[in-house]
Number of protein chains: 2
Amino acid sequence: MKTKSKTPREAGGSATLLEVARTAGVSAATVSRILNGGTRVSASKREAVEAAIAALNFKPNLLAQSLKRGRSMMFGVLTQDVDSPFFAETLLGVEAALSGTGYEPLIASGHWNPKEEADRIRRLLARQVDGMIVLFGRLSNDELQRFSEHVPVVATGHELRAPRALAFRLDSELGGYIATRHLLDLGHRSIAHITGDLAHADAVDRLAGYRRALAEAGVPGDERLVVSGNFKEPGGVMAANRLLDAGVPFTAIFAANDQTAYGARLALYRRGIRVPEDLSLIGFDDLPSSLYTTPPLTTVRQPMFEVGKLAARSLLKLVEGEPADVEIPELSLVIRETTRRLR
Amino acid sequence: MKTKSKTPREAGGSATLLEVARTAGVSAATVSRILNGGTRVSASKREAVEAAIAALNFKPNLLAQSLKRGRSMMFGVLTQDVDSPFFAETLLGVEAALSGTGYEPLIASGHWNPKEEADRIRRLLARQVDGMIVLFGRLSNDELQRFSEHVPVVATGHELRAPRALAFRLDSELGGYIATRHLLDLGHRSIAHITGDLAHADAVDRLAGYRRALAEAGVPGDERLVVSGNFKEPGGVMAANRLLDAGVPFTAIFAANDQTAYGARLALYRRGIRVPEDLSLIGFDDLPSSLYTTPPLTTVRQPMFEVGKLAARSLLKLVEGEPADVEIPELSLVIRETTRRLR
DNA sequence: CTGTTAGCGCCTTCAA
DNA sequence: TTGAAGGCGCTAACAG
């Protein structure tokens with residue numbers, strides 16, 4: 001009974017490989033071999049070791065293993081808001097892709113703050129993650145690239161091409177176009193747009209897509225019908241109110257994302273404006289909950305689960321030194337019940 | 001120029017403490033001291049070391065540090081569904097409480113599957129997490145307790161008291177009572193209940209609270225008004241449909257959680273039943289999105305963000321060996337617009 | 001104040 | 001097939 005009570009780690013700390021070796025009457029190397037299946041080991045020793053492992057309830061210390069091997073089998077994942085359904089879905093995709101690979105995601109949030117993002121990434125790197133998945137955020141390409149010098153990086157919502165980095169963005173401009181085009185096809189001509197936070201490229205792109213669709217249809221855009229939101233519900237309600245108060249008539253709203261649409265929907269409800277009878281509304285994202293709004297929301301779907309899966313798979317390849325190709329997932333129009341033909 | 005190319009870890013792997021020591025012309029111990037601020041170090045050496053650190057862009061390898069110190073400064077967090085808004089909020093609370101403490105959450109999902117849960121926890125333990133936060137799930141108290149022999153554990157949605165474990169549950173029975181009572185106070189007498197998955201204690205408890213409120217008010221419960229859901233939206237729509245088809249009249253629905261209420265709301269919308277004019281509806285949870293449903297949902301609030309924070313704080317204390325007290329957060333009725341006085 | 005000496009727990013040549 | 005030895009990067013006595 002060796003008194004190891006001096007160890008910081010409290011009692012529970014399971015047995016060590018060396019202890020297993022001793023109780024099995026073999027060397028540590030042999031135990032390691034059995035664990036990692038290197039060279040052949042005699043059946044008798046193998047049995048003894050396995051018995052010892054069971055008896056001591058031995059679990060290899062992954063930390064030590066990582067230190068030795070130089071790979072931690074962890075991927076850092078930087079999200080922005082853990083509480084956003086948008087990120088949650090992406091995370092789920094990452095998790096799905098990683099499950100069973102031996103890699104574990106180490107998650108941190110940057111809260112859309114470049115300084116915080118960089119800080120969190122540095123911490124993850126210090127923990128020796130074998131790769132980084134950066135989900136959106138406001139980091140510059142330069143910074144991202146600099147990180148990629150330490151460890152492979154795949155980033156969504158960024159554009160970047162470096163030896164060990166990969167980034168991809170869904171085509172927000174096209175998405176904005178698709179949404180607006182849908183409204184146009186339904187006969188709408190006075191179409192309002194509630195933008196996202198214009199500090200984000202995606203918000204700018206969706207606005208551009210909206211304008212392109214209008215222009216292409218020969219519909220004169222009215223700048224008073226473009227008001228800014230912030231990708232969150234409260235921004236949606238405020239923007240919708242501003243729109244309604246401006247006195248410029250319109251028959252449809254394209255909201256920069258579903259959350260904005262939810263907010264707008266509430267503002268409309270407050271004023272007794274029916275959707276879609278009085279006004280059509282289209283969102284962007286297709287959050288899971290958009291299937292259950294009243295009425296269910298028409299929107300442009302971003303397959304975030306797929307995006308997460310794709311990011312994780314690509315990182316897996318990068319880490320293995322394989323070339324990582326990316327087939328960028330496509331946006332699609334999901335017609336539900338908040339849009340209808342005019343008149 | 002030492003060729004370390006043999007190392008598995010690719011080039012980027014930042015400089016080692018020893019290298020810093022060498023380029024600064026001091027011993028490794030001195031560098032370590034400067035980093036961790038132990039004993040005093042002469043200004044000259046300190047400068048030299050700091051210069052070397054900057055020059056080599058040195059970051060201590062947290063893995064090695066953890067191995068040596070016997071603490072990984074990571075907490076394992078077991079959630080069930082990363083994509084559920086309910087868990088997302090709790091996670092956010094955990095994150096908030098941990099931010100700035102030096103601890104990092106290592107997150108894994110058990111998907112409400114006891115085997116998977118145990119498996120994930122074992123992996124986290126193998127990674128030497130210093131503590132575990134278990135968010136709900138179906139693990140038995142025995143299992144939980146067994147894990148707590150290795151490492152401090154705090155669990156939400158469980159009941160457990162062990163030397164190094166702490167668990168707490170919000171009072172679901174009371175919540176069910178509060179919800180039903182609210183409806184009763186509004187004059188409703190025929191109140192339907194869509195339960196959660198009855199394999200969960202919370203679902204059973206909410207049902208019990210519902211029955212108690214009814215009994216206390218002298219309202220004869222009609223078992224045909226109790227139908228089962230599964231805590232998810234689709235279960236809500238199916239249950240509502242069953243209720244509507246059963247032909248037993250009712251004027252209000254208490255849904256076991258908000259997601260179930262969303263589903264029920266959709267079913268109602270499909271049939272042209274207005275909320276709250278024709279039927280009152282109350283949920284349970286107060287998910288962030290319940291503020292933006294049409295109309296905004298009346299519900300029983302579970303302060304999940306607080307729960308997450310509380311769990312993390314308690315674990316922090318347990319790990320420090322301090323006694324962890326728990327003031328269990330309280331449920332509260334949030335009256336919005338889906339319930340109204342009868343007639 | 002500072003360097004030397006031992007490891008943390010594991011893996012991996014290198015000999016035997 | 002197996003064991004001994006060395007070391008991953010860092011910290012913590014213990015001497016000076």
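Each chain gets a letter, A, B and so on, in the order its sequence line appears, and its residues count up from 1.
Look at B:Arg138 and B:Glu116 and you find no salt bridge, because none of the NZ, NE, NH1 or NH2 atoms lies under 4.0 Å from a carboxylate O. Between A:Arg46 and A:Glu50, at least one side-chain N (NZ, or NE/NH1/NH2) sits under 4.0 Å from a carboxylate O, which counts as a salt bridge. Look at B:Glu117 and B:Arg122 and you find no salt bridge, because none of the NZ, NE, NH1 or NH2 atoms lies under 4.0 Å from a carboxylate O.
Computed from coordinates, the B:Arg22 CZ to C:dG3 P distance equals 14 Å when rounded to whole Å. Between A:Leu67 atom CG and C:dG7 atom P there is a gap of 17 Å when expressed in whole angstrom units. B:Leu56 places its CG atom 15 Å from the C1' atom of D:dG9, with the value rounded to the nearest Å. Going from atom CG of A:Leu18 over to atom C1' of D:dG3 covers 12 Å, rounded to whole Å. Between the CG atom of A:Leu63 and the P atom of C:dC10 there is a distance of 10 Å, given to the nearest Å. Put simply, CZ on B:Arg127 is 14 Å from P on C:dC10, counting in whole angstrom units. With rounding to whole Å, A:Asn36 atom CG is found 17 Å from C:dG9 atom P. Going from atom CD of A:Glu19 over to atom C1' of C:dC8 covers 13 Å, rounded to whole Å.
Closest to the A:Arg33 side chain, of the nucleotides D:dC10, D:dT2, C:dG9, is D:dT2. Of the candidates C:dG9, C:dG3, D:dA4, the closest approach to any side-chain atom of A:Ala29 belongs to D:dA4. Comparing atom distances between the B:Pro60 side chain and each of D:dC10, D:dT2, C:dC10 picks out D:dC10 as nearest. With D:dG9, C:dG3, C:dG9 as the choices, the nucleotide that has an atom nearest any side-chain atom of A:Lys68 turns out to be C:dG9. Side-chain atoms of A:Ser42 lie closest to D:dT1 of the nucleotides D:dG3, D:dT11, D:dT1. Comparing D:dC10, C:dC14, C:dG3 by their nearest atom to the side chain of B:Asn61 picks out D:dC10. Taking every side-chain heavy atom of A:Arg40 into account, D:dT1 is the closest of D:dT1, C:dG3, C:dC8. When the nucleotides C:dC11, D:dT11, D:dG3 are ranked by their closest atom to the side chain of A:Ser32, C:dC11 comes out on top. Considering only side-chain atoms of A:Arg69, the nucleotide from C:dC1, C:dT12, C:dG3 that sits closest is C:dT12.
For B:Asn141 (side chain) and B:Glu159 (main-chain N/O), a donor-acceptor pair under 3.5 Å exists by modelled atom type.
Among the atoms of the strands shown, only primed sugar atoms or phosphate atoms (P, OP1, OP2) are found under 4.0 Å from some heavy atom of A:Leu17.
In terms of phosphate contacts, A:Ser27 brings a side-chain nitrogen or oxygen within less than 4.0 Å of OP1 or OP2 of D:dG3. In terms of phosphate contacts, B:Thr16 brings no side-chain nitrogen or oxygen within less than 4.0 Å of OP1 or OP2 of D:dC8. A sub-4.0 Å separation between OP1 or OP2 of C:dG9 and a side-chain N or O of A:Gln65 is absent.
Residue whose closest nucleotide on DNA chain C sits further toward the 5' end, between B:Ala64 and B:Arg46: B:Arg46.
Taking 4.5 Å as the limit, some side-chain heavy atom of B:Val134 sits within range of a side-chain heavy atom of B:Val153.
Environment of CD in B:Glu322: crowded, with over 12 heavy atoms of neighbouring residues, nucleotides or ligands closer than 6.0 Å.
Taking atom P on both C:dT2 and D:dG9, the two are 25 Å apart, rounded to the nearest angstrom. As rounded to the nearest Å, C:dC1 and D:dC10 have P atoms that lie 24 Å from one another.
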